[in-house]
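First the structure, in the form of structure tokens, and then the observations on it.
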Amino acid sequence: MLCNICNQNEATVHLTQMLEGEIKKMDMCESCAQKQGVDDPSGISLVDLLVGLGPSSTESQPKTKATPLTGMSNCPKCGYTQADLKKTGRLGCAECYATFDDGLEHMLRSMHKGVRHKGKTPKGFRNTRELEAKTKKLEKELEKAIKDERYEDAAIIRDSIKALAHAISEFETETATS
Amino acid sequence: MNLNDFLIPTQDICRRPGPFDRVVLTSRVRLARNLQELPFPGRANKQERQQLLQTVKPVIETMPVMKEGFSEEIAKLTDLDRQILVERHLISRELAKKTQGAAMVLSVDETFCVMINEEDHLRMQAILPGLQIKEAWKAIDKLDTMVETKLPIAFSSQFGYLTACPTNVGTGIRVSAMLHLPGLVIAEHMQQTITAVNKLGLAVRGLYGEGTEALGNVFQISNQMTLGESELEIIERLNKVVLQVIENEENARAKLLETKPEMLFNQIGRAYGILTNSHIISSKEAKNLLSLLRLGLDLGYFPDVDPAVVDELFIVTEPAHIQYEAKNKDGEALKKTPEERDIRRASLLRESLEKMPGPVMDASGSPKD
């Protein structure tokens with residue numbers, strides 16, 4: 001089992017706590033555990049770790065962006081810190097949701113029915129969402145076309161994807177300025 | 001415009017009929033929304049809160065439902081006005097405490113109220129009498145959709161509508177029904193009811209929402225989860241639970257009538273006696289006794305009495321309303337002490353109930369006729 005924090009070393013420290021009625025677990029290597037102050041069992045809060053440090057091993061998926069390891073960076077937009085979040089239980093601005101993304105998911109899981117929005121979507125978003133769904137579908141087709149060595153088809157699909165990406169970015173600048 | 005010239009008189013507010021209004025006082029749906037660009041109110045500085053106010057207030061004011069509405073900054077309202085608005089459940093206690101950049105826009109029929117710079121940039125609510133959760137949702141959804149075309153609302157495809165507190169993120173919806181449950185309280189079934197409702201992921205709170213006591217046997221049932229479920233799923237569930245609680249309340253009342261009629265008659269009769277004869281009475285005691293009087297009305301012990309009279313007393317015996325009445329009627333602008341208000345409240349109750357005849361029951365505890 002790999003360490004949840006660095007994802008490199010073997011996890012030797014296993015932390016379990018009850019949080020809002022749910023059992024939360026964290027596995028860490030010795031050096032990460034020390035950095036987090038886990039050697040003092042009385043003074044450790046799993047909330048801090050979960051909020052700041054990303055997903056546990058059961059859910060770790062390849063991430064496009066690197067998860068900061070220690071001392072989660074401030075929100076680039078409003079300067080909110082993890083300590084602020086912990087102190088107030090509130091976020092500072094809309095951007096904070098992207099900044100504290102990984103840790104938040106754990107927090108939200110304990111509060112809500114799911115961690116993906118299922119309800120109403122603003123009209124503008126509905127359009128981009130459809131375009132994004134189409135893009136995903138085309139990407140799969142592209143992969144298949146390349147695998148089957150249908151390079152002409154692949155070129156056509158690639159062009160369609162490019163057009164969609166262009167449409168999405170145009171739409172986003174349009175909604176941002178309107 | 002003066003707030004008190006704008007507000008619908010209490011006697012009219014209490015005469016608005018609604019489905020299941022023997023038990024359900026009001027239904028409310030609130031949406032939390034924020035603008036993409038500015039920090040949330042708790043994080044924003046003075047200037048940013050002002051900027052938000054300047055951007056948002058004109059948009060809300062021009063919404064069709066807000067035509068001829070009441071729009072004002074909280075800082076420009078007197079303490080008394082703010083308290084009156086809280087007692088009428090039109091604004092939250094949190095908003096009443098905020099001044100910098102905080103504002104409210106209220107529709108002329110008082111169905112819609114938008115709070116600006118509360119915990120979120122926008123808190124938009126629709127309130128309707130009786131059990132009308134779905135209707136309230138439809139109304140506020142429509143307003144929200146219109147607002148969305150005018151303002152860049154913070155939204156992410158994963159987390160939905162982004163809110164200051166993660167407990168509201170997603171749909172940003174808080175659906176609640178205010179219920180009068182004297183039967184369940186007297187039958188000592190309330191704790192069980194709360195536990196059962198909690199198990200379904202819904203919260204049961206007191207008269208003024210979060211962290212308040214259930215005065216006058218009035219309880220609020222509301223959703224807690226806002227993410228991972230659609231608005232309609234949340235509303236359907238709450239509606240179902242409320243219907244079940246209504247049934248339980250009616251059953252509890254019927255059972256009490258059948259098994260302990262003297263006890264019921266005793267409680268209602270004593271409530272009537274105290275309310276019509278006291279000279280010093282606290283807001284809390286008045287509410288609890290008025291609740292029993294209302295129960296007596298529902299059970300037919302006060303034939304020919306309009307229940308709205310009792311419902312109105314629930315509102316006008318609240319502290320700020322007492323203060324307001326003293327100011328308007330006798331020109332007493334000086335802030336009254338709680339003790340002075342208790343005296344004034346008692347005299348108001350005596351006067352209002354003077355012409356109300358006592359409860360009519362036969363020895364078996366059933367209403368006469």
Side-chain angles (χ1 to χ4, degrees), chain A residues 20-21 47 51 74-75 77-81 84-133 136 168 172-178, chain B residues 31 33-45 48 52 119-121 137 140-142 144-173 198 200-201 223-235 237:
Chain A
E20 307 196 19
V47 176
V51 168
N74 297 1
C75 172
K77 180 127 185 178
C78 72
Y80 218 56
T81 63
D84 291 327
L85 174 59
K86 194 191 154 204
K87 204 172 116 198
T88 62
R90 309 279 188 278
L91 291 132
C93 71
E95 189 65 31
C96 284
Y97 277 91
T99 311
F100 304 110
D101 184 354
D102 294 327
L104 260 178
E105 234 186 88
H106 286 265
M107 210 163 142
L108 293 171
R109 204 177 293 277
S110 65
M111 293 172 178
H112 296 288
K113 200 143 200 163
V115 289
R116 272 209 89 84
H117 178 54
K118 269 183 74 185
K120 183 175 178 176
T121 303
K123 216 172 169 190
F125 259 88
R126 242 171 351 240
N127 296 340
T128 35
R129 227 193 218 182
E130 276 163 25
L131 295 178
E132 276 164 2
K136 264 200 187 141
I168 292 173
E172 274 169 358
T173 40
E174 194 183 300
T175 35
T177 50
S178 68
Chain B
L31 299 176
R33 299 288 188 256
N34 288 282
L35 299 205
Q36 181 63 44
E37 287 310 311
L38 288 165
F40 300 143
R43 180 70 179 165
N45 58 35
E48 287 163 330
L52 184 274
E119 182 181 285
D120 293 296
H121 291 154
W137 156 244
I140 203 68
D141 179 34
K142 203 171 155 195
D144 177 54
T145 303
M146 290 186 79
V147 169
E148 253 166 22
T149 62
K150 309 264 182 201
L151 296 169
I153 299 292
F155 182 88
S156 101
S157 52
Q158 175 172 9
F159 296 130
Y161 290 95
L162 304 177
T163 53
C165 186
T167 53
N168 294 318
V169 77
T171 51
I173 201 171
N198 286 346
L200 296 162
N223 66 305
Q224 284 180 297
M225 293 180 275
T226 53
L227 183 65
E229 269 183 302
S230 73
E231 290 85 354
L232 280 176
E233 283 171 311
I234 293 169
I235 287 162
R237 190 150 46 92

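In what follows, chains are A, B, ... by sequence order, proteins preceding strands, each numbered from 1.
In this structure, the portions of Gln36(B) lying under 4.5 Å from any heavy atom of chain A include both its backbone and its side chain.
For Val115(A), the side chain to side chain contact (heavy atoms under 4.5 Å, CB included) criterion is met by Glu105(A), Leu108(A), Arg109(A), not counting sequence neighbours. Here Glu95(A) pairs with nothing under the salt bridge (Lys or Arg N to Asp or Glu O under 4.0 Å) rule; sequence neighbours left out.
Put simply, of Thr226(B), Asn34(B), Leu35(B), Ile153(B), the one with the most heavy-atom pairs under 4.5 Å next to chain A is Thr226(B). Interface summary for chain A: among Asp141(B), Asn168(B), Ile173(B), the most heavy-atom pairs under 4.5 angstrom belong to Asp141(B). Contact count versus chain A (heavy atoms, under 4.5 Å) is highest, among Ala154(B), Ala164(B), Gly172(B), for Ala164(B).
A salt bridge between Glu233(B) and Lys118(A) is present, with a side-chain N of the basic residue lying under 4.0 Å from a carboxylate O of the acidic one.
Taken to the nearest 0.5 Å, the CG atom of Leu91(A) stands 9.0 Å off from the CG atom of Leu162(B). The NE2 atom of His117(A) sits 12.0 Å away from the CD atom of Glu229(B) when rounded to the nearest 0.5 Å. Expressed to the nearest 0.5 Å, how far CG of Leu104(A) lies from CZ of Phe159(B) amounts to 5.5 Å. The distance from atom OH of Tyr161(B) to atom OG1 of Thr121(A), rounded to the nearest 0.5 Å, is 6.5 Å. Lys113(A) contributes atom NZ, which lies 10.5 Å from atom OG of Ser230(B) (distance to the nearest 0.5 angstrom).
Remark: the backbone N or O of Gln158(B) is not paired with any side-chain donor or acceptor of Tyr97(A) at under 3.5 angstrom. A distance-only check finds a donor-acceptor pair linking the side chain of Arg43(B) to the backbone of Cys78(A) [under 3.5 Å]. Using modelled atom types, one side-chain atom of His112(A) and one backbone atom of Pro166(B) make a donor-acceptor pair closer than 3.5 Å.
In summary, the side chains of Lys120(A) and Thr145(B) do present a donor paired with an acceptor at a separation below 3.5 Å, with no hydrogens or angles considered.
Across all their heavy atoms, Cys93(A) and Pro39(B) have their closest contact at CB-CA, 3.7 Å.
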